[in-house]
Amino acid sequence: MSAVKKIAHQSANVVVGVRIRPRNSKEIEAEMPVCFTPSDDELNVQELNEDGNVVKNWSYQHIFGSDSSNSKIFHEVGVGLVESAMDGFNAVMFMYGQTSSGKTFTLFGGGDTEGLVGHSLKLLDEKINLSKDTEYLVKMTYSELYNEEIKDLLSEEPNDNLKIIDDPNLGPLIQNITEIPFGSYQLAKQNLEKGEQRRHFGVTNMNAHSSRSHVLVRLTIESRKVPFKPGGIRSTWGKDKPASISVLNLVDLAGSERSGKAGTSGTSLKEGSFINKSLLTLGTVISNLSEGKEGTHIPYRNSKLTRLLAGALGGNSKTTMLVCISPASGNIAESQSTLRFAQRAKKIVNKVKKNDVMDIKMMSVRM
């Protein structure tokens, strides 16, 4: 059994960023005015009335306007998470917002545009290749939560033996899920593209390519310092050499939706019901945590989604939540709801520690 160093937890608030996407073609054709825009200093989301006057400021750590690229967003909120994970800290980024608000495009990209997942894989690959004093073992999983059932998107065959277990250092993990070696940026991207073909999408009145499930890309990163012998030759490891193990979770939550507005029925209506139920539980968890009262019950186990996010919310993780909203007046109620959700989330305090472990068996990352 591995011995774990006892390191004091450090308090760290959940970091919240808001992305205001451009108006889409439907909103432009309907001549919906813009009612949300970044302030000049990019510290507030300004809510505008019909006359274009500011009626409210919503304050967050990061604000990204309609001209912000995925590359800029990754530079501001993603780079630090990848570096923290490589340094032995658990790190999570998850997307939240109504359907059609731009979450999946931000995380996974589209066309020739790289998403935050791709940028993360590329940075991880670059840092591993440039490292001269640390070696890494990185493994990846890709899963979705569809109608409250966990699906293994990297498995060629259906895998019905998936269970959520709690690791004392890494938080909730999916047992028996397919883990593949990271290998390289290109190989990881290819594997994710294969998994993407198994993911559930659908068509609604609000989105021609609507996510019908929550999805999670998880990278488990083991690392250890490599001492050098004279002449630059790496020495072998002794059992007393320190190492660290951490997880980097990148989560795309399906969008909240109203069935009447989305025009869903049949299977799509059932999917939307499961999505909304899990997001409602997530909202309750975040509300209870944001109050900061000791002894308050946190209903993580009321949904598999909140069970999987337990480490990210109030647990051992550096967490960034990126919420996406429409700027158009036709979606003002949904955007206001998202912004209120984000206001509560930024009050959550996590207890973060570096996962330094003794005697972890290491393999070369280039398998």
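Residue numbers count from 1 along this sequence.
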Subject >> side chain to side chain contact (heavy atoms under 4.5 Å, CB included) partner of Phe182, the single match among Ile221, Val138, Leu187 >> reply: Val138
Original post:
Okay, side chain of Asn249, backbone of Val92: is any donor-acceptor separation there less than 3.5 Å?
Top reply: no
Subject >> Under 3.5 Å donor-acceptor, Lys351 side chain and Ala12 backbone >> reply: no
**OP:** In sequence, state the C-alpha distance, the side-chain angles, and the governing distance for Thr319 and Asn350, and then conclude on side-chain hydrogen bond (donor to acceptor under 3.5 Å, both in side chains).
**Re:** CA-CA 8 Å; Thr319 299; Asn350 288 353; 3.2 Å; yes
Original post:
In Å and rounded to the nearest 0.5 Å, what is the CG to CG distance from Asp167 to Leu173?
Top reply: 5.0 Å
**OP:** State, with a plain yes or no, whether a side-chain heavy atom of Tyr136 is found less than 4.5 Å away from one of Ser131.
**Re:** yes
Original post:
Could you walk me through whether Ser246 and Asn90 pass the side-chain hydrogen bond (donor to acceptor under 3.5 Å, both in side chains) check?
Top reply: CA-CA 5 Å; Ser246 61; Asn90 297 334; 5.0 Å; no
**OP:** Check whether any side-chain N or O of Ser68 sits under 3.5 Å from a backbone N or O of Gly65 as a donor-acceptor pair, and report yes or no.
**Re:** yes
Original post:
Pick from Val45, Leu48, Asn44: which one makes a side chain to side chain contact (heavy atoms under 4.5 Å, CB included) with Thr37?
Top reply: Leu48
**OP:** Locate the shortest heavy-atom distance separating Pro172 from Gly311; write the atom from each residue and the value.
**Re:** CD-N, 3.8 Å
Original post:
Step by step, would you call Arg19 with Thr106 a side-chain hydrogen bond (donor to acceptor under 3.5 Å, both in side chains)?
Top reply: CA-CA 9 Å; Arg19 184 179 202 178; Thr106 303; 2.8 Å; yes
Original post:
Of Tyr142, Phe74, Phe108, which meets side chain to side chain contact (heavy atoms under 4.5 Å, CB included) against Val117?
Top reply: Phe108
Original post:
What are the two closest non-hydrogen atoms of Thr296 and Lys293, and how far apart are they?
Top reply: OG1-O, 3.0 Å
Subject >> Value rounded to 0.5 Å, distance of CG in Leu305 from CG in Leu253 >> reply: 5.5 Å
**OP:** Could you tell me whether the side chain of Glu222 reaches within less than 4.5 Å of the side chain of Glu135, counting heavy atoms only?
**Re:** no
Original post:
Could you give the distance from NE2 (His119) to CG (Leu250), rounded to the nearest 0.5 Å?
Top reply: 12.5 Å
Original post:
Could you give the distance from CD1 (Ile177) to CG (Leu154), rounded to the nearest 0.5 Å?
Top reply: 7.0 Å
Subject >> Partner of Ser278 under side-chain hydrogen bond (donor to acceptor under 3.5 Å, both in side chains), chosen from Glu148, His214, Lys304 >> reply: His214
